[in-house]
Amino acid sequence: MEILDGKKISNQIKEEITVEVAQMKERGEKVPHLAAVLVGNDGASLTYVGSKVRSCKKIGFESTLIHLPEETTEEDLLKQVHQLNNDPAIDGYIVQLPLPKHIDEEKVLMAVDPDKDVDGFHPTNFGKMALDMETFISATPFGIMELLKRYNVDTEGKHTVVIGRSHIVGRPISILMSQKGKPGNSTVTLAHSRTQNLKELTLQADIVISALGVPRFLKADMVKEGVTIIDVGITRVADDTKEKGYYITGDVDFDNVSKKASFITPVPGGVGPMTIAMLLKNTLLARERHNN
Ligand code: NAD
């Protein structure tokens, strides 16, 4: 069994980006600038945005955090989005999800300029991804593909079962795994909450990508020997014995499933850090595209 070490690979990617940014500086070019919009004070969102901004600093990007109060109106948020669209200093930006309930998420994401949509959530970018065109691929599926690539995991002709059909993980990764390419060329089954006999499907899978958000959902008796496991799930489980009052766990019963797996991602330290690295990669791409 080999661990797909997202922490290690994400550090490699960040080092590669750091070198490119230093070269940009030497050439007297503008360095990439990522902005993040956060509405409200959701604990997990604050953590994610905080680490995105810190990562920018470490690799030499400029970054701007726009932290708006919970009661921000949809109209005001849309104004902010338009400002970012029109600000030449900003190469790319993200609007951290989830947004407060009174704001229409779709409306906001649709307002983001696709050329600055480094999260790859805009339909233009999602559509281009589905058509194999150059675009911004959403950071989490992009990170999974990069991890598979750098560990040389053979995906060709394999049966991949994706669990979860969200717009940001399950759906796009099911498309990417079926695309012509390496990694890719997989035969994909996309399972979701209405899927019947999931265990029958996962037992046939060479690769399982789990993105549903239910702690330790995928058990050892649901997978075959030699399977590759990508665990996207991140759930905070309350635990008074921990300093923070919770611990983080994935969708996979790691201790038992890992005994049967040939490759497996840990949680934390698997897909999570890759997501941040690929967001930075997309921001670098945005800067380069704006230069050209
Ligand atoms: P989501 O929460 O929007 O949707 C969950 C999906 O799981 C749905 O499509 C649903 O049909 C499916 N599902 C629910 N119960 C099921 C069941 N019993 N059997 C089969 N399918 C079932 O999905 P999301 O936003 O992709 O998030 C999924 C998990 O991934 C969460 O834990 C989230 O925190 C985590 N996540 C991690 C990263 C990362 O960087 N590692 C990024 C995004 C999301």
Side-chain angles (χ1 to χ4, degrees), residues 3-7 9-10 13-14 36 42-52 55 94-99 101 105-106 109 118-121 126 129 136-148 160-177 188-205 208-219 221-223 229-238 246-254 264-282:
I3 296 279
L4 297 172
D5 188 341
K7 196 150 191 236
I9 301 296
S10 67
I13 294 168
K14 284 192 252 181
D42 175 70
S45 295
L46 279 164
T47 310
Y48 293 147
V49 169
S51 72
K52 287 168 188 173
S55 297
I94 59 162
V95 180
Q96 183 68 40
L97 302 180
L99 290 170
K101 291 209 164 33
E105 236 166 57
E106 194 176 295
L109 296 181
V118 285
D119 255 340
F121 292 163
F126 194 99
M129 181 271 300
F136 296 118
I137 298 172
S138 300
T140 304
F142 195 10
I144 295 169
M145 296 302 275
E146 195 64 26
L147 203 51
L148 292 170
T160 296
V161 173
V162 177
I163 312 175
R165 58 179 160 188
S166 74
H167 293 167
I168 61 169
V169 188
R171 189 80 55 83
I173 196 65
S174 71
I175 295 170
L176 292 169
M177 288 298 284
V188 177
T189 300
L190 179 53
H192 45 77
S193 52
R194 305 291 173 92
T195 297
Q196 293 178 0
N197 306 329
L198 178 67
K199 188 173 166 181
E200 271 172 35
L201 297 168
T202 52
L203 275 170
Q204 293 168 30
V208 177
I209 302 177
S210 186
L212 73 158
V214 178
R216 300 193 187 93
F217 175 86
L218 192 77
K219 302 273 192 277
D221 67 354
M222 294 171 74
V223 297
I229 302 283
I230 305 290
D231 187 354
V232 186
I234 299 179
T235 307
R236 287 180 176 198
V237 180
Y246 64 86
Y247 66 92
I248 298 284
T249 188
D251 288 349
V252 177
D253 177 8
F254 183 91
I264 187 165
T265 59
V267 176
V271 177
M274 288 302 292
T275 298
I276 296 195
M278 300 325 274
L279 174 70
L280 300 171
K281 179 91 186 166
N282 274 342

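Both counts, for ligands and for their atoms, begin at 1 and track the order of listing.
- Counting only distance, with no hydrogens or angles, the side chain of T265 and the backbone of D231 share a donor-acceptor pair below 3.5 Å.
- In terms of polar-atom proximity, defined here as any N/O pair under 3.5 Å, T275 does make such a contact with ligand 1.
- Atom NZ of K14 sits in a crowded spot, with more than 12 heavy atoms from other residues, nucleotides or ligands closer than 6.0 Å.
- Contact check for I144 versus L148: side-chain heavy atoms found under the 4.5 Å cut-off.
- Taking every heavy atom of G272 and a limit of under 4.0 angstrom, the matching atoms of ligand 1 come to 40 (O), 41 (N).
- Taking a distance limit of 4.0 Å, we find that atom 30 (O) of ligand 1 is approached by some protein heavy atom.
- Looking from atom 8 (C) of ligand 1 to the surrounding protein, the closest heavy atom is R165 N, 4.0 Å.
- Close approach to G164 involves these atoms of ligand 1, each under 4.0 Å from a residue heavy atom: 6 (C), 7 (O), 9 (O), 12 (C).
- Residue T140 has at least one heavy-atom neighbour below 4.0 Å for each of these atoms of ligand 1: 40 (O), 42 (C).
- Without hydrogens or angle criteria, D42 side chain to S45 main chain gives a donor-acceptor distance under 3.5 Å.
- To the nearest 0.5 Å, atom CD of residue Q196 and atom CG of residue L201 are 10.5 Å apart.
- Counting only heavy atoms from C-beta outward, the side chains of F121 and V95 never approach each other to under 4.5 Å.
- For atom 1 (P) of ligand 1, the nearest non-hydrogen atom of the protein is S166 CB, 4.0 Å.
- An N or O contact shorter than 3.5 Å is missing between Y48 and ligand 1 by distance.
- In this structure the side chain of D119 never reaches within 4.5 angstrom of the side chain of L97, judged on heavy atoms.
- Inter-residue side-chain proximity for M278 and I137 is flagged as unmet; no heavy-atom pair is nearer than 4.5 Å.
- Heavy atoms from both the backbone and the side chain of L212 come within less than 4.0 Å of ligand 1.
- Each of the atoms 11 (O), 19 (N), 20 (C), 21 (N), 22 (C) of ligand 1 lies under 4.0 Å from some heavy atom of H192.
- Summary of contacts: the protein heavy atom closest to atom 34 (O) of ligand 1 is I234 O, 3.2 Å.
- No side-chain heavy atom of I276 sits under 4.5 Å from any side-chain heavy atom of S10.
- Not a single N or O atom of F217, backbone or side chain, sits closer than 3.5 Å to an N or O atom of ligand 1.
- The protein non-hydrogen atom at the shortest distance from atom 11 (O) of ligand 1 is S193 N, 3.0 Å.
- At least one heavy atom of A211 sits closer than 4.0 Å to an atom of ligand 1.
- With a heavy-atom cut-off of 4.0 Å, I163 touches ligand 1 through its side chain alone.
- Counting non-hydrogen atoms of other residues, nucleotides and ligands closer than 6.0 Å to NE2 of H192 gives a total above 12.
- The side-chain heavy atoms of L218 and D251, taken from C-beta on, include no pair separated by under 4.5 Å.
- When hydrogens are left out, the protein atom nearest atom 44 (C) of ligand 1 is V169 CG2, 4.0 Å; that is the closest non-hydrogen contact.
- Applying the 4.0 Å criterion to heavy atoms of G213 picks out, from ligand 1, the atoms 28 (C), 29 (C), 31 (C), 32 (O).
- With hydrogens left out, the protein atom closest to atom 37 (C) of ligand 1 is V232 O, 3.1 Å, a heavy atom.
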